[in-house]
Amino acid sequence: MNLRLLSKLLGIIAFLIGATMFFSLPWAYPGLGMRLHPDAVLSKGFETRGFLALLCSIGVCFAVGGWLWWMGRRAEGRLLHKEAMAIVGLSWMLATVLGALPFSLAGVYQGPSLRLLEPGEPPSIQHSDRLWGFRQTQWSEVPPVTPTQYRLLLALAEQNARGLSEDGLIAATNDPRAVAELHSLATRQPWSDVIFSPNDPRRPLAPPDRKGHYRIRWVRMSIFDSLFESQSGFSTTGATVISDLEDPHLVPHCLLFWRSSTHFLGGLGIIVLFVAVLGQGSAGKALMRAEMPGPSKEGSTARMQHTAWIFTAIYCALNLVLTLLLWAEGLSIFDALCHAFGTMATGGFSTWNKSLGHFDSRLIEYTVVVFMLLAGTNFTLLYYILVRRQPGVLWKDTEWRVYMALILGITVIILMFGIAHNDFPGASLFQKIESGVRYGLFQVVAIITTTGYGTHDFDSWSSVGRGILFLLMFVGGCAGSTGGGLKVIRHILFLSIMRLEVERSFRPLVVRPLRLAGTPVDDPDLRRNIMVYFCLILVIFVFSWLFVVTFEPDSTWGARSIEHKLVDSASSVAATLNNIGPGLGTVGATQNYGHFSPLSKLLFTWLMMVGRVEIFVILVLFMPSFWRSH
């Protein structure tokens, strides 16, 4: 293993990540980060906290990059296949750590320190301790509160970090004794650590519009939260631990832009952009094959750097076109850019708590559906369509035909069962069909492309619809796209292999080649690779599911929801392993991953990395024999 060469290339990648952070700095100015929606909470001034966090992070990136480059300045030799695998795997780990710095240094608030489940059920309070020397947060149940206290706490929780004034508290609860009751509760343990009264000397500094408010204490992101958020961005998963994205006092706009920028970098792949800029000669082919998930196909040109440039140009052009369209459809330039990054990278990070459903616009939703379909398509096909003007290649491509057939077929099934079970709103049958097509199509495309955007709470659908979406998480987009998951082509080949094996059981003397679209597949190792890949995914899924079931505390669900632990754990593992983002139950479309324990968050972080990059690239890093010279 050429460690000096690895160090030099990793240093350059650290420079690339630090340079990308510069583009997030201007959004600290309130004029640029302004949102057009009337419900938006606007920054009252310059976002000093986010700006300084980004500056410090840039300094760390350049310091780390300079040190790694200096260590490998005398590197000799070519980048071989083993080094290419190492550089891809290590670059994603390095990006995860560096990308987490702005969240940690800015002290981004992850969520409230209080979880209210159902009336009469014990609430949970978040407290801090240490794990491996790092601050972490854990949930612990406290005795149940009275119905009156529950209404008071619920009224505060619904206001997030804004809180309520005394008059607002009385109006929200319609109880003139609300202030005295809440003040009495805030003076007793453990509630004195959760509720801040207006004159509490321990309360953090509040914006002028929140002074004199009763507020629930919010918890800052731990290092485990920051790593999770960073990897979720780079792996284009779109899962989050942040409960309120709309309050710039909790999450500065400039950090929201950095959060979406990780999608832009991870969408096409850090290494693809690296090869596009620096080339790396003959090693570029090995780097791109190790980086881009899915069975390898022939590039559109002979030179891999030229191919990387073409893919990068198409990717950037589609981002630009979608940004302009969303801007024209009423989004601010800030929201348009962030949602374009999330769409073309099939990531799913939004700048609003309700994701794209916040805008409640059919035009915006159908526009995003079209670009999600493009993002889930093999970029080689897009090259032939956009550059060579040969749209006929789409219909000749077996994978793309199956990809589209799956989307249309599953949308029809979800539409039929959804109407039968009243999953979609509407007073008449026509209105239910219209809303079913709107929400059903969007959610099917968002799941199969692994984008994970939401416009409707699909977790409230019938068991049939939820079950179909869960299975759809294991499909993914086309090979060579920005989507995650197992990829459609692998499922096509897997079914072909299974058919041949079944035939071989009763015709052992018949030898048939593996065919794709009627053409024999020349790769002799492909059959074994496909079977091994599916087996590895199954093993990783099962053991990860058992890990979450075993080690995640029952308090994450509460006494009345503990029966959902098995399904919710499986859903969270599937959603992170396949880079979907939202899952079912406790990680559903309206929930997040902030309430999970640090160990589970570390597992999800690793699963997101395994799902985004070729699985072998990550697994080989943990094999001692991989690092030996011979």
Side-chain angles (χ1 to χ4, degrees), residues 236 263-264 266-269 272-273 275-276 285 288-289 291-326 328-329 339-347 363-409 411 441-442 444-446 448-451 453 475-485 487-492 516-519:
T236 69
H263 273 348
F264 180 83
L268 192 57
V272 175
L273 298 173
V275 173
K285 189 173 185 179
M288 285 187 63
R289 280 186 171 178
E291 164 77 10
M292 299 187 72
S296 60
K297 295 184 178 182
E298 291 301 319
S300 54
T301 65
R303 292 180 299 149
M304 293 310 292
Q305 185 181 19
H306 187 45
T307 302
W309 268 116
I310 291 174
F311 284 178
T312 303
I314 294 173
Y315 179 68
C316 293
L318 289 174
N319 270 282
L320 178 61
V321 171
L322 179 56
T323 299
L324 295 176
L325 286 175
L326 293 176
E329 291 168 4
H339 286 92
F341 291 167
T343 301
M344 288 312 305
T346 63
L363 180 60
I364 292 174
E365 291 167 18
Y366 285 123
T367 300
V368 171
V369 164
V370 171
F371 280 84
M372 284 193 294
L373 289 172
L374 292 175
T377 300
N378 192 319
F379 266 54
T380 302
L381 296 179
L382 296 181
Y383 164 76
Y384 278 103
I385 295 170
L386 300 175
V387 179
R388 293 194 175 182
R389 307 294 177 87
Q390 298 178 15
V393 297
L394 277 180
W395 306 109
K396 296 178 182 178
D397 188 80
T398 302
E399 182 184 27
W400 192 82
R401 293 201 307 270
V402 173
Y403 168 66
M404 293 301 298
L406 279 172
I407 291 172
L408 295 177
T411 300
L441 175 64
F442 186 97
V444 167
V445 175
I448 196 172
T449 61
T450 72
T451 306
Y453 275 139
V475 178
C478 299
S481 69
T482 62
K487 301 294 183 294
V488 174
I489 189 66
R490 281 199 179 100
H491 288 276
I492 296 173
L516 181 63
T519 305

Using side chain to side chain contact (heavy atoms under 4.5 Å, CB included), reason through Val444 and Leu406 one step at a time and then give a plain yes or no. CA-CA 9 Å; Val444 167; Leu406 279 172; over 6 Å; no
Qualifying residues under side-chain hydrogen bond (donor to acceptor under 3.5 Å, both in side chains), relative to Thr449, sequence neighbours excluded: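 Thr449: side-chain hydrogen bond (donor to acceptor under 3.5 Å, both in side chains) contacts with Thr451.
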What's the spacing between [X] [atom1] and [Y] [atom2] if we round to 0.5 Å?
| X | Y | atom1 | atom2 | value |
| --- | --- | --- | --- | --- |
| Met344 | Leu320 | CE | CG | 11.5 Å |
| Glu399 | Lys487 | CD | NZ | 9.0 Å |
| Ile489 | Ile492 | CD1 | CD1 | 4.5 Å |
| Tyr384 | Leu394 | OH | CG | 12.5 Å |

Is any side-chain heavy atom of [Y] closer than 4.5 Å to one of [X]?
| X | Y | result |
| --- | --- | --- |
| Ile385 | Thr377 | no |
| Val368 | Glu365 | no |
| Glu329 | Thr367 | yes |
| Asn378 | Trp400 | no |
| Cys316 | Phe264 | yes |
| Leu373 | Met404 | yes |
| Ile314 | Leu386 | yes |
| Phe371 | Val321 | yes |

Begin with the C-alpha distance, continue with both residues' side-chain angles, and end with the deciding distance and a verdict on side chain to side chain contact (heavy atoms under 4.5 Å, CB included) for Phe442 and Met372. CA-CA 9 Å; Phe442 186 97; Met372 284 193 294; 4.0 Å; yes
What heavy-atom pair brings Thr482 and Thr346 nearest, and what distance separates the two atoms?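 Between these two residues, the closest heavy atoms are O-OG1, 2.9 Å.
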Check: Ser481 side chain, Gly477 main-chain N or O, donor-acceptor pair, under 3.5 Å: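 Checking the backbone N and O of Gly477 against the side chain of Ser481, no donor-acceptor pair under 3.5 Å is found.
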Examine distances only and state if a side-chain atom of Tyr453 and a backbone atom of His339 form a donor-acceptor pair shorter than 3.5 Å.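 A pair under 3.5 Å: yes.
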Over 60° means perpendicular and under 30° means parallel, so tell me whether Tyr315 and Phe379 are parallel, tilted or perpendicular.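 Tilted: the ring planes of Tyr315 and Phe379 meet at 30° to 60°.
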Testing Leu318, Val369, Leu322, Thr343 one by one against Leu374 for a side-chain contact (heavy atoms from CB on, under 4.5 Å), which residue passes?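 That would be Leu318.
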